[in-house]
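Since the structure is predicted, the reported quantities are computational estimates derived from the model, not experimental observations.
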Amino acid sequence: MNDTTTQDTTTRPELPDRLSVNPRSKHYVAAIFEHEIGIKLNGKERFDVEEYCISEGWVKVAAAKALDRRGQPLLMTLKGTVEAFYR
């Protein structure tokens, strides 16, 4: 019997309260990005989230094509109920 669903949940690290996709951030955790994760803001799944914080209730998303002076996308903060989950 091949039960991969139980094996996957035991090997996945717990999702942190705050996470960033930018490797230069102190909130970046490489082990989590080995798995596909999803983010919901106010019950709607978002696919453009750069950083999130569950306890403070915000996500940061890129603001169109605007870049900062280091070439990184400018981020807008959206507030609401944040949920992070593994797909």
Side-chain angles (χ1 to χ4, degrees):
M1 181 185 256
N2 188 359
D3 190 10
T4 57
T5 55
T6 33
Q7 292 174 352
D8 287 346
T9 56
T10 57
T11 59
R12 292 177 181 173
E14 186 175 332
L15 290 171
D17 177 57
R18 186 169 179 178
L19 183 66
S20 175
V21 297
N22 187 347
R24 298 190 313 195
S25 171
K26 67 179 183 178
H27 300 291
Y28 177 79
V29 181
I32 290 177
F33 293 108
E34 293 175 1
H35 309 282
E36 193 172 346
I37 63 170
I39 306 294
K40 284 186 180 181
L41 178 66
N42 296 329
K44 184 178 178 186
E45 190 167 2
R46 306 251 344 181
F47 299 97
D48 58 347
V49 175
E50 298 281 329
E51 186 173 350
Y52 74 81
C53 183
I54 295 172
S55 64
E56 295 177 13
W58 55 259
V59 296
K60 291 189 178 184
V61 296
K65 296 181 181 180
L67 301 175
D68 67 7
R69 63 182 180 207
R70 295 183 188 100
Q72 300 296 318
L74 285 177
L75 302 178
M76 293 186 316
T77 302
L78 305 175
K79 296 188 178 207
T81 305
V82 179
E83 299 174 51
F85 58 92
Y86 284 110
R87 292 191 193 161

Axial cation check for Y52 ring with K60, 6.0 Å and 45° limits: no
Minimum side-chain heavy-atom gap S25-H27 below 4.5 Å: yes
ILVMFWY cluster, L67 and M76 together (side-chain gap under 4.5 Å): no
Student check: side-chain heavy atoms of S55 and R18 closer than 4.5 Å: no
Closest approach of I39 to A84 (non-hydrogen atoms, all atoms of both residues): CD1-CB, 3.9 Å
Atom of E45, atom of G38 and distance for their closest heavy-atom approach: OE2-CA, 4.1 Å
Main-chain N/O of L74 paired with D68 side-chain donor or acceptor, under 3.5 Å: no
Mutual orientation of the aromatic rings belonging to Y28 and F33 [parallel < 30°, tilted 30-60°, perpendicular > 60°]: parallel
Euclidean distance, E51 CD relative to L75 CG, rounded to 0.5 Å: 7.5 Å
Atom pair CD1 (I54) and CD (E83), whose distance is rounded to the nearest 0.5 Å: 8.5 Å
Path from W58 to V82 over hydrophobic side-chain contacts below 4.5 Å: no
Nearest-0.5 Å distance, CG of residue D48 to CG of residue L78: 8.0 Å
Spacing of E14 atom CD and I32 atom CD1 [to the nearest 0.5 Å]: 9.0 Å
Pair R87 + E36, salt bridge at N-O below 4.0 Å: yes
Separation of K79 NZ from L41 CG (nearest 0.5 Å): 12.0 Å
Separation of T11 OG1 from E34 CD (nearest 0.5 Å): 9.5 Å
Minimum heavy-atom distance between V21 and V49, given as atom pair plus value: CG1-O, 4.1 Å
